[in-house]
Protein chains: 2
Amino acid sequence: MKNFDTVSLSFSGGSHDHKHCVKTALNDAEALCSARGARLTDARKRVLELVWESHHPVGAYDVLSKLSQESGKTAPPTVYRALDFLLEQGLIHRIESLNAYVGCSHPSEEHSGVFLICNNCGCAAEVHDSTIDQAILKKTDSLGFKTDQRMLEVRGTCPDCHSTQ
Amino acid sequence: MKNFDTVSLSFSGGSHDHKHCVKTALNDAEALCSARGARLTDARKRVLELVWESHHPVGAYDVLSKLSQESGKTAPPTVYRALDFLLEQGLIHRIESLNAYVGCSHPSEEHSGVFLICNNCGCAAEVHDSTIDQAILKKTDSLGFKTDQRMLEVRGTCPDCHSTQ
DNA sequence: TTAAATAATGATATGTTATAACATTTACAG
DNA sequence: CTGTAAATGTTATAACATATCATTATTTAA
């Protein structure tokens with residue numbers, strides 16, 4: 001895994017060009033899936049788009065109702081299958097503490113992010129920090145625990161909400 | 001918050017005196033609640049006992065069915081109220097990635113644990129590490145994010161399962 | 001010590017999130 | 001083409017959680 005400390009979206013104040021954001025994500029997704037021989041079908045692509053509609057985590061049933069509106073009756077498995085595919089490909093992340101999903105902004109890297117979730121506005125930022133990664137690794141190693149995945153979610157107030165009050 | 005690095009139960013190989021473990025937890029809980037003027041009623045105490053029955057996270061509906069067996073028909077709110085109380089008092093923790101609950105082994109300290117969850121045997125160990133805490137704090141501070149709570153759950157294979165294969 | 005206030009519990013219904021199981025259609029390699 | 005695997009459709013249900021209102025128990029304070 002590449003050793004990088006980045007912030008995917010660190011609290012833009014709602015002022016970034018989100019359409020561009022989504023377009024980039026979709027292009028990246030196409031390229032990645034193509035390179036891997038994975039099939040980013042229309043249904044999967046549409047779900048990815050819907051997850052990317054904001055930087056707020058989106059619930060499966062939110063996706064479901066939008067899908068139902070635009071394409072007629074849709075059943076839960078349709079959505080969950082697409083979400084599972086996108087998770088497998090690393091194109092989205094699941095926020096366990098919200099039962100919700102967010103787009104991943106650098107899916108080409110294998111990684112475990114840290115999610116900062118604002119209790120006020122609901123936005124979620126994915127950040128990376130090798131110091132945190134190493135601290136966790138050191139601890140699990142010292143206990144002989146072999147890690148498969150890890151989830152680190154921090155709830156609080158984002159700088160935008162904090163300054164605006 | 002006291003600065004401590006401890007392992008609550010680091011993979012005992014299933015060989016510890018669990019009855020003692022539970023008894024201690026219940027005594028501590030009584031003492032704490034008493035000191036705080038919080039009411040550890042029979043119902044709440046029984047739920048705490050049930051959560052402590054193993055070091056595996058226990059689902060709310062597992063608790064519910066045991067309660068129904070021993071006390072006749074019980075409804076979900078009964079269990080969730082007790083779990084909420086126990087969470088508030090820091091007597092149990094919720095494992096978000098499992099929708100399940102585990103007993104807290106040192107409830108008198110205010111703390112955020114790290115949970116190591118074995119995908120093989122299902123056991124969960126709560127560990128603490130100030131290096132991890134500090135790394136996370138440093139990162140969130142640098143981004144101007146004010147933390148309320150955090151969850152860190154690591155899924156993998158515990159040393160017992162790894163050695164036994 | 002009793003009435004009022006507060007906290008806890010009981011009971012019913014329903015909301016929310018997720019998956020099992022099986023049928024059908026689509027993509028694509030041979 | 002056509003057989004196989006992958007994806008999707010469909011129905012039902014499992015699993016997790018809360019809203020609401022009625023009732024009972026406990027504490028507080030007059």
Side-chain angles (χ1 to χ4, degrees), chain A residues 29-30 33-34 36-51 56-89 91-102 122 151 153, chain B residues 29-30 33-51 56-89 91-102 117 122 151 153:
Chain A
E30 298 258 28
C33 288
S34 168
R36 290 172 183 165
R39 290 169 55 199
L40 186 62
T41 61
D42 287 352
R44 291 165 173 175
K45 189 153 73 178
R46 185 65 189 128
V47 170
L48 181 57
E49 251 169 6
L50 289 171
V51 170
H56 291 59
V58 175
Y61 279 71
D62 294 338
V63 172
L64 182 60
S65 64
K66 283 183 186 162
L67 233 45
S68 292
Q69 277 171 34
E70 62 190 40
S71 320
K73 191 185 144 206
T74 306
T78 301
V79 173
Y80 281 102
R81 284 167 182 153
L83 291 172
D84 287 346
F85 171 85
L86 297 170
L87 285 169
E88 272 166 25
Q89 298 298 323
L91 298 171
I92 61 175
H93 292 287
R94 177 176 161 84
I95 307 296
E96 295 291 343
S97 63
L98 293 173
N99 297 325
Y101 305 82
V102 282
M151 289 138 271
E153 298 171 14
Chain B
E30 299 258 27
C33 287
S34 169
R36 290 173 184 163
R39 290 168 55 195
L40 186 62
T41 61
D42 288 351
R44 290 163 173 176
K45 190 153 73 177
R46 185 65 190 128
V47 170
L48 181 57
E49 251 170 5
L50 289 170
V51 170
H56 292 57
V58 176
Y61 277 72
D62 295 337
V63 172
L64 182 60
S65 64
K66 283 183 186 162
L67 234 44
S68 292
Q69 277 171 33
E70 63 190 38
S71 320
K73 190 184 146 207
T74 306
T78 301
V79 173
Y80 282 102
R81 283 168 183 154
L83 291 172
D84 287 346
F85 171 86
L86 297 170
L87 285 168
E88 272 166 24
Q89 298 298 324
L91 298 170
I92 61 174
H93 292 289
R94 177 177 160 86
I95 307 295
E96 295 290 345
S97 64
L98 293 172
N99 297 326
Y101 305 81
V102 283
I117 302 151
M151 60 139 275
E153 297 171 13

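Note: hydrogens, waters and symmetry copies are ignored here, and every other heavy atom, side chains too, is used. In the text below, chain A, chain B and the rest are named by the order of the sequence lines, each starting its count at 1.
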Ile95(A) CD1 to dT17(C) P, in whole Å, measures 15 Å
Over how many whole Å does the gap from Asp84(A) atom CG to dT17(C) atom C1' extend?
13 Å
Can any side-chain N or O of Glu153(B) pair as donor or acceptor with the backbone N or O of Ile117(B) at less than 3.5 Å?
no
CZ (Arg81(A)) and CG (Leu83(A)) are apart, to the nearest 0.5 Å, by 12.0 Å
d(CZ, Phe85(A); C1', dT8(D)) in whole Å
14 Å
Between Ile92(A) and Leu48(A), which heavy-atom pair has the shortest distance, and what is it?
CG2-CD1, 3.7 Å
Does Thr74(B) place a side-chain N or O at less than 4.0 Å from the phosphate oxygens OP1/OP2 of dG10(C)?
no
With distance as the sole test, does Ser65(A) use its side chain to make a donor-acceptor pair with the main-chain N or O of Asp62(A) at under 3.5 Å?
yes
From the candidates dA18(C), dA11(C), dT11(D), the one with an atom nearest any side-chain atom of Tyr101(A) is dA18(C)
With a 3.5 Å cut-off and heavy atoms only, can you find an N or O donor on one side and an acceptor on the other between the side chain of Tyr61(B) and the base of dA14(D)?
no
Check every atom of dT8(D), dT11(D), dT9(C) against the side chain of Arg81(B) and return the nucleotide holding the closest atom.
dT9(C)
Would you say a side-chain N or O of Tyr80(A) is under 4.0 Å from OP1 or OP2 of dA18(C)?
yes
Leu64(A) has an atom CG; how far is it from atom C1' of dG15(C), in whole Å?
15 Å
State whether Arg44(A) places a side-chain N or O below 4.0 Å from either non-bridging phosphate oxygen (OP1 or OP2) of dT8(D).
yes
Counting only side-chain N and O atoms of Thr78(B), is one of them less than 4.0 Å from OP1 or OP2 of dA11(C)?
no
Interatomic distance where CG belongs to Leu67(A) and P belongs to dT8(D) [whole Å]:
11 Å
Heavy-atom pair of closest approach, residues Arg44(A) and Leu86(A)
O-CD1, 3.9 Å
Leu98(A) CG to dA18(C) P, in whole Å, measures 11 Å
Return the value, rounded to whole Å, for the distance between atom CG of Asp62(A) and atom P of dA18(C).
11 Å
Rounded off to whole Å, could you give me the CD-to-C1' distance for the Gln89(A) and dA7(D) pair?
14 Å
Of Arg39(B) and Lys73(B), whose closest DNA chain C nucleotide lies nearer the 5' terminus?
Arg39(B)
Starting at the 5' end of DNA chain C and moving along, which residue's nearest nucleotide shows up first, Asn99(B) or Asp42(B)?
Asp42(B)
Side-chain N,O (Arg94(B)) to OP1/OP2 (dA17(D)) below 4.0 Å:
yes
